[in-house]
Amino acid sequence: AIHWIENPHDTSRPGPYGELGAYQFRSVTWRMHTSEPFARALNRKASDDVAIKHYEWIKQGLMRNGLEPSIYNIAMAWNGGLSAVVNGSAPAATHNYAERVSNIAESLHQSQTASTP
């Protein structure tokens, strides 16, 4: 769901802050989880690997601070930063982002459930 919001057309152009790849990582976030060159964020497999690590880092950070690692909270932290979620200072745009991710994730879940025999 995050990929669908961040880079739905799989563009290789950098974002306005230099973000790259399927999840529009910034270089500082990329370097938190890998020593691979930042340009590898354009490789979907490498980007997926870092996304999983970043997801787990966010999840652990939320739990460590007594917050539920819900899709909504994880999406807020992905977009606005973990500290903004923990401190309750995420802006309205980040809440909107999290709502959109949650809606897509729920829709994906429903379609997978419906197609499972």
Side-chain angles (χ1 to χ4, degrees):
I2 288 172
H3 164 65
W4 286 13
I5 298 293
E6 292 290 349
N7 194 356
H9 303 293
D10 290 320
T11 182
S12 61
R13 286 187 323 270
Y17 299 100
E19 308 93 338
L20 287 179
Y23 305 94
Q24 291 293 279
F25 287 114
R26 290 187 182 185
S27 64
V28 68
T29 304
W30 182 261
R31 289 188 178 94
M32 286 172 58
H33 304 294
T34 185
S35 59
E36 292 281 329
F38 183 48
R40 293 272 297 147
L42 295 172
N43 174 284
R44 183 58 190 262
K45 169 81 171 84
S47 199
D48 286 349
D49 290 345
V50 171
I52 290 166
K53 291 175 184 175
H54 193 54
Y55 173 92
E56 290 298 327
W57 178 84
I58 289 170
K59 181 180 169 185
Q60 293 302 315
L62 291 168
M63 292 188 317
R64 190 172 47 256
N65 285 281
L67 297 171
E68 179 187 359
S70 64
I71 292 168
Y72 187 89
N73 284 342
I74 288 170
M76 273 205 315
W78 193 285
N79 179 260
L82 181 59
S83 62
V85 178
V86 169
N87 298 329
S89 61
T94 296
H95 285 275
N96 178 273
Y97 174 95
E99 186 69 30
R100 290 169 37 220
V101 169
S102 293
N103 290 340
I104 290 170
E106 179 60 29
S107 178
L108 290 170
H109 177 73
Q110 287 178 1
S111 68
Q112 287 175 345
T113 303
S115 65
T116 304

Hey, does [Y] have a side-chain heavy atom less than 4.5 Å from the side chain of [X]?
X: N96; Y: E99; result: no
X: E56; Y: K53; result: no
X: I2; Y: Y97; result: yes
X: Q24; Y: Y17; result: no
X: W4; Y: V101; result: no
X: I71; Y: E106; result: no

For [X] versus [Y], what's the shortest heavy-atom pair and its separation?
X: F38; Y: L20; result: CE2-CD1, 3.5 Å
X: I104; Y: A1; result: CG2-CB, 3.6 Å
X: A75; Y: A98; result: CB-CA, 3.7 Å
X: W78; Y: Y55; result: CZ3-N, 3.9 Å
X: I58; Y: A77; result: CG2-CB, 3.5 Å
X: M76; Y: A90; result: SD-CB, 4.1 Å

Test side chain to side chain contact (heavy atoms under 4.5 Å, CB included) on E36 and W30; report intermediate values, then the result.
CA-CA 8 Å; E36 292 281 329; W30 182 261; 4.2 Å; yes

What residues, two or more places apart in sequence or in another chain, satisfy side chain to side chain contact (heavy atoms under 4.5 Å, CB included) together with W57?
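For W57 the side chain to side chain contact (heavy atoms under 4.5 Å, CB included) partners, ignoring immediate neighbours, are M32, H33, H54, L82.
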
Hydrophobic cluster identity match, L108 and Y23, side-chain contacts under 4.5 Å
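Yes, same cluster.
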
Same apolar cluster: M63 and L67, side chain cutoff 4.5 Å:
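Result: no, two separate clusters.
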
Would you give the length of the straight line joining atom CD1 of I74 to atom CG of N79, rounded to the nearest 0.5 angstrom?
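Reported value, rounded in 0.5 Å steps: 14.0 Å.
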
From CA spacing to verdict: side chain to side chain contact (heavy atoms under 4.5 Å, CB included), D48, H3
CA-CA 10 Å; D48 286 349; H3 164 65; over 6 Å; no

